[in-house]
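All remarks here apply to the structure that follows.
Reckoned from all heavy atoms, side chains included, excluding hydrogens, waters and symmetry mates.
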Amino acid sequence: MLDLLINSLTTYYGLDWVSVIFGISATYALGKQNRIGFVFSAISCISGIAVASISAQYGYVCYNFILMAMALRAYTNWARVRTAP
């Protein structure tokens with residue numbers, strides 16, 4: 001049982017768990033209208049790209065790049081809305 005747990009945490013160097021934790025944190029922070037959620041989303045996408053690359057899941061690599069671009073666009077749009085008169 002412990003061996004299974006350790007194996008699941010180290011298969012992708014823990015990056016899959018980093019992606020999950022930061023993805024959930026990003027959703028929570030954005031729901032609370034906190035801009036740090038965009039940073040959490042970017043970290044989640046970067047670790048997701050690493051995991052997808054290691055496991056040769058190139059569709060997920062593309063998905064994470066698109067998701068990261070959308071998060072960056074939303075961050076800049078949010079900054080514009082907050083500074084507009």
Side-chain angles (χ1 to χ4, degrees):
M1 182 68 176
L2 183 62
D3 194 36
L4 180 65
L5 178 65
I6 291 171
N7 190 28
S8 75
L9 292 174
T10 60
T11 301
Y12 297 109
Y13 309 105
L15 292 172
D16 50 345
W17 289 101
V18 169
S19 183
V20 168
I21 290 167
F22 277 97
I24 292 169
S25 299
T27 303
Y28 180 79
L30 290 171
K32 293 285 189 176
Q33 297 182 351
N34 190 341
R35 290 173 61 179
I36 194 74
F38 294 113
V39 175
F40 290 165
S41 179
I43 293 170
S44 176
C45 288
I46 290 168
S47 60
I49 289 168
V51 170
S53 296
I54 293 168
S55 63
Q57 299 285 329
Y58 301 113
Y60 285 121
V61 171
C62 182
Y63 166 75
N64 278 296
F65 271 119
I66 292 168
L67 194 60
M68 189 166 46
M70 289 172 59
L72 291 173
R73 182 178 181 275
Y75 180 82
T76 58
N77 284 344
W78 190 341
R80 275 191 224 130
V81 169
R82 295 253 182 193
T83 59

task: Find out whether Met70 and Ile66 are in side-chain contact, i.e. whether some heavy atom of one side chain is under 4.5 Å from a heavy atom of the other.
output: yes

field: Heavy-atom donor-acceptor pair, Ser19 side chain to Leu15 backbone, under 3.5 Å
entry: no

- prompt: Which value, rounded to the nearest 0.5 Å, describes the distance between Thr76 atom OG1 and Phe38 atom CZ?
  reply: 9.0 Å

- prompt: Are the side chain of Asn34 and the backbone N or O of Leu30 linked by a donor-acceptor pair below 3.5 Å?
  reply: no

message: In this structure, would Ile46 and Phe65 fall into the same cluster of hydrophobic residues linked by side-chain contacts under 4.5 Å?
response: yes

- request: Quick one: do Met68 and Asn64 satisfy side chain to side chain contact (heavy atoms under 4.5 Å, CB included)? Show the steps, please.
  value: CA-CA 6 Å; Met68 189 166 46; Asn64 278 296; over 6 Å; no

- prompt: CD1 of Ile49 to CG of Leu67: how many Å apart, nearest 0.5 Å?
  reply: 9.0 Å

query: Any idea which heavy atoms bring Arg35 and Tyr75 closest together, and the distance?
result: NH2-OH, 2.7 Å

message: Working to the nearest 0.5 angstrom, can you tell me the gap between Trp78 CH2 and Arg73 CZ?
response: 15.0 Å

field: Interatomic distance, Cys45 atom SG to Tyr60 atom OH [nearest 0.5 angstrom]
entry: 14.0 Å

Heavy-atom closest contact (Asp16 atom, Val51 atom, distance): N-CG2, 3.4 Å

message: Tell me whether Val20 shares a hydrophobic cluster with Val61, the cluster being built from Ile, Leu, Val, Met, Phe, Trp, Tyr side chains joined at under 4.5 Å.
response: no

- prompt: For the side chain of Ser44 and the backbone of Phe40, is there at least one donor-acceptor N/O pair under 3.5 Å apart?
  reply: no

field: Any donor-acceptor N/O pair, Ser41 side chain to Gly37 backbone, under 3.5 Å
entry: no

